[in-house]
Trainee: 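Okay, here's the structure, questions in a sec.
First the proteins, then the strands, lettered A, B, ... as listed; each starts at 1.
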Number of protein chains: 2
Amino acid sequence: MADQPVVDRFRAWLSEQHLPLTPQRLAIADLLLSSDRHLSVEELIDALAGRGLKVGTATVYRTIDVLLESGFIVERDRGEGFRRFEPMRGLPHHEQLLCTACGCVEEFRDPALERMTHRVADAHGFVRERHRLVIYGICNECQRAAATASAGARS
Amino acid sequence: MADQPVVDRFRAWLSEQHLPLTPQRLAIADLLLSSDRHLSVEELIDALAGRGLKVGTATVYRTIDVLLESGFIVERDRGEGFRRFEPMRGLPHHEQLLCTACGCVEEFRDPALERMTHRVADAHGFVRERHRLVIYGICNECQRAAATASAGARS
DNA sequence: CTCATTGCAAAGGATTTGCACTAAT
DNA sequence: ATTAGTGCAAATCCTTTGCAATGAG
């Protein structure tokens, strides 16, 4: 019963806050919340255009603010000069595997890591708030793609 | 004998690359490489002014590019809308404790973490490249400062 | 009907670039 | 002498803001 699509939880959240449910907001939320990639604003606008929706830049940024404040998405910065966004998974401290080729993300948890961060923080006199671990690499699919491409080039 | 100040290693690196050693570059490198905080470009320019040096913005950014390329510093983005920079420590995979109050950084290593990242990457079919772990919290000093401040307010 | 959102265009802020000038090797 | 760096100002690029028109509740 808590298994509704994420975008519907956003709908519900908007209602609770007495905020209007506009088609723009819902389209943006739908794309952002169901994406497996970290999308930039530009990519998002393109994707919206692909669905036949022309949404103003300002609206996209403003909707992203709402999604950030409500905790449905989080922002990421890969040092590209602009931000990317990804759906917030329910995990309290999510660790990630990030593919440096396609940008896709897989998540995992490791209880030992949790313990370790507490131990290290204590040892250094820190009051621990949270942590973040990212392992960068090439995902299965991209490895295969690369192999195929080079095999093709060789033949 | 590998114990020269870091800025001197930058001098040496510049010479090796047949790049001019200008006073601006050396001043910027000196500040950035000896800082215990993550400096922004604005802070850097202020600090230079404090030393009586007026350096153009473009030069600062260009020198930072050199320092980044040469691996002497790394950039950090705290989502403030601008970048901060910190000296690159020699550790191949440095894990960090970052104080969310003052921005200071302490580093540590954990061999178990290294093993774990390899294990997780393998399990997910990733070719691991590198990883990054940051534990956010409040450092000892800031805890004490906060305690003092609230004690003062209470009295 | 009322209040928040939308879209456009203009503004803002960090970073980059073009260019004439100066300095390092 | 060459070659690269410097400073300035103009230009870029992402993001935000002002405002009249529009749409949701």
Trainee: Nearest whole Å is fine: how far is D:dG23 P from A:Leu14 CG?
Mentor: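 About 19 Å, once rounded to whole Å.
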Trainee: Classify the nucleic acid contact of B:Phe82 as base, sugar-phosphate or nothing, counting any heavy atom under 4.0 Å across all strands shown.
Mentor: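 If one applies the 4.0 Å heavy-atom cut-off, B:Phe82 turns out to touch the sugar-phosphate alone, with no base involved.
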Trainee: With the side chain of B:Pro20 defined as its heavy atoms from C-beta on, choose the nearest nucleotide among C:dC8, D:dA4, D:dG7.
Mentor: D:dA4
Trainee: Between atom NE2 in B:His18 and atom P in C:dA23, what is the gap in whole Å?
Mentor: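 Taking atom P of C:dA23 as the reference, NE2 of B:His18 is at 24 Å.
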Trainee: Looking at C:dT5, I'd like to know if its phosphate oxygens (OP1 or OP2) sit under 4.0 Å from a side-chain N or O belonging to A:Arg25.
Mentor: yes
Trainee: Between the two end axes of the helix from C:dC1-D:dG25 to C:dT25-D:dA1, each built from 5 base pairs, what angle do you get to the nearest 10°?
Mentor: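 The end axes of the helix from C:dC1-D:dG25 to C:dT25-D:dA1 are about 40° apart, to the nearest 10°.
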Trainee: Using whole Å, what does the distance between atom C1' of nucleotide C:dG12 and atom CD of B:Glu42 come to?
Mentor: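 Whole-Å distance recorded here is 14 Å.
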Trainee: Would you indicate which nucleotide in C:dA14, C:dA9, C:dA24 comes nearest to any side-chain atom of B:Pro23?
Mentor: C:dA24
Trainee: The side chain of B:Leu21 lies closest to which of these nucleotides: D:dG25, D:dT16, C:dT25?
Mentor: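 My answer, after comparing the listed nucleotides, is C:dT25.
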Trainee: Looking at every strand, decide which applies to B:Gln24 at a 4.0 Å heavy-atom threshold: base, sugar-phosphate, or nothing.
Mentor: sugar-phosphate
Trainee: Any side-chain N or O of A:Tyr61 less than 4.0 Å from the OP1 or OP2 oxygen of D:dT15?
Mentor: yes
Trainee: Rounded to whole Å, how long is the line connecting atom CD1 of B:Ile64 with atom C1' of D:dG5?
Mentor: 16 Å
Trainee: Could you tell me whether A:Arg84 atom CZ has more than 12 heavy atoms of other residues or ligands within 6.0 Å of it?
Mentor: yes
Trainee: Taking the inter-plane angle between the rings of A:Trp13 and A:Phe10 on a 0 to 90° scale, is it parallel (under 30°), tilted (30 to 60°) or perpendicular (over 60°)?
Mentor: parallel
Trainee: Whole-Å distance between D:dT15 P and A:Glu43 CD?
Mentor: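 Spelled out: CD on A:Glu43 to P on D:dT15 is 12 Å.
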Trainee: With a non-hydrogen cut-off below 4.0 angstrom, is A:Arg62 in contact with a base, only sugar-phosphate, or nothing?
Mentor: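 Result for A:Arg62 = base.
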Trainee: Can you check whether B:Thr57 has a side-chain N or O nearer than 4.0 Å to OP1 or OP2 of D:dG7?
Mentor: no
Trainee: Does B:Thr22 put a side-chain nitrogen or oxygen below 4.0 Å from OP1 or OP2 of C:dA23?
Mentor: no
Trainee: Using the closest heavy atom to pick a nucleotide of DNA chain C for each, name whichever of A:Val66 or B:Phe85 lands nearer the 5' end.
Mentor: A:Val66
Trainee: Can you confirm whether the side chains of B:Gln96 and B:Arg76 place a donor and an acceptor under 3.5 Å from each other?
Mentor: yes
Trainee: With a 4.5 Å cut-off on side-chain heavy atoms, are A:Glu86 and A:Val74 touching?
Mentor: yes
Trainee: Nearest whole angstrom, please: distance from the C1' of D:dT15 to the CD of A:Glu80.
Mentor: 16 Å
Trainee: Output the rounded distance in Å from CD1 (B:Ile45) to P (C:dT15).
Mentor: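 Those two atoms, CD1 and P, are 10 Å apart.
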Trainee: When you check the side-chain N and O atoms of B:Ser40 and B:Arg83, is any donor under 3.5 Å from an acceptor?
Mentor: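 No, B:Arg83 and B:Ser40 have no side-chain donor paired with an acceptor closer than 3.5 Å.
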Trainee: Is it true that atom CD of B:Gln17 has more than 12 heavy atoms of other residues, nucleotides or ligands lying nearer than 6.0 Å?
Mentor: yes
Trainee: Atom CD of A:Gln17 to atom P of C:dT5: distance rounded to whole Å?
Mentor: 12 Å
Trainee: Crowded around A:Glu75 CD? As in, over 12 foreign heavy atoms under 6.0 Å?
Mentor: yes
Trainee: Same cluster or not: are A:Leu31 and A:Ile45 linked, directly or through other Ile, Leu, Val, Met, Phe, Trp or Tyr residues, by side-chain heavy atoms under 4.5 angstrom apart?
Mentor: yes
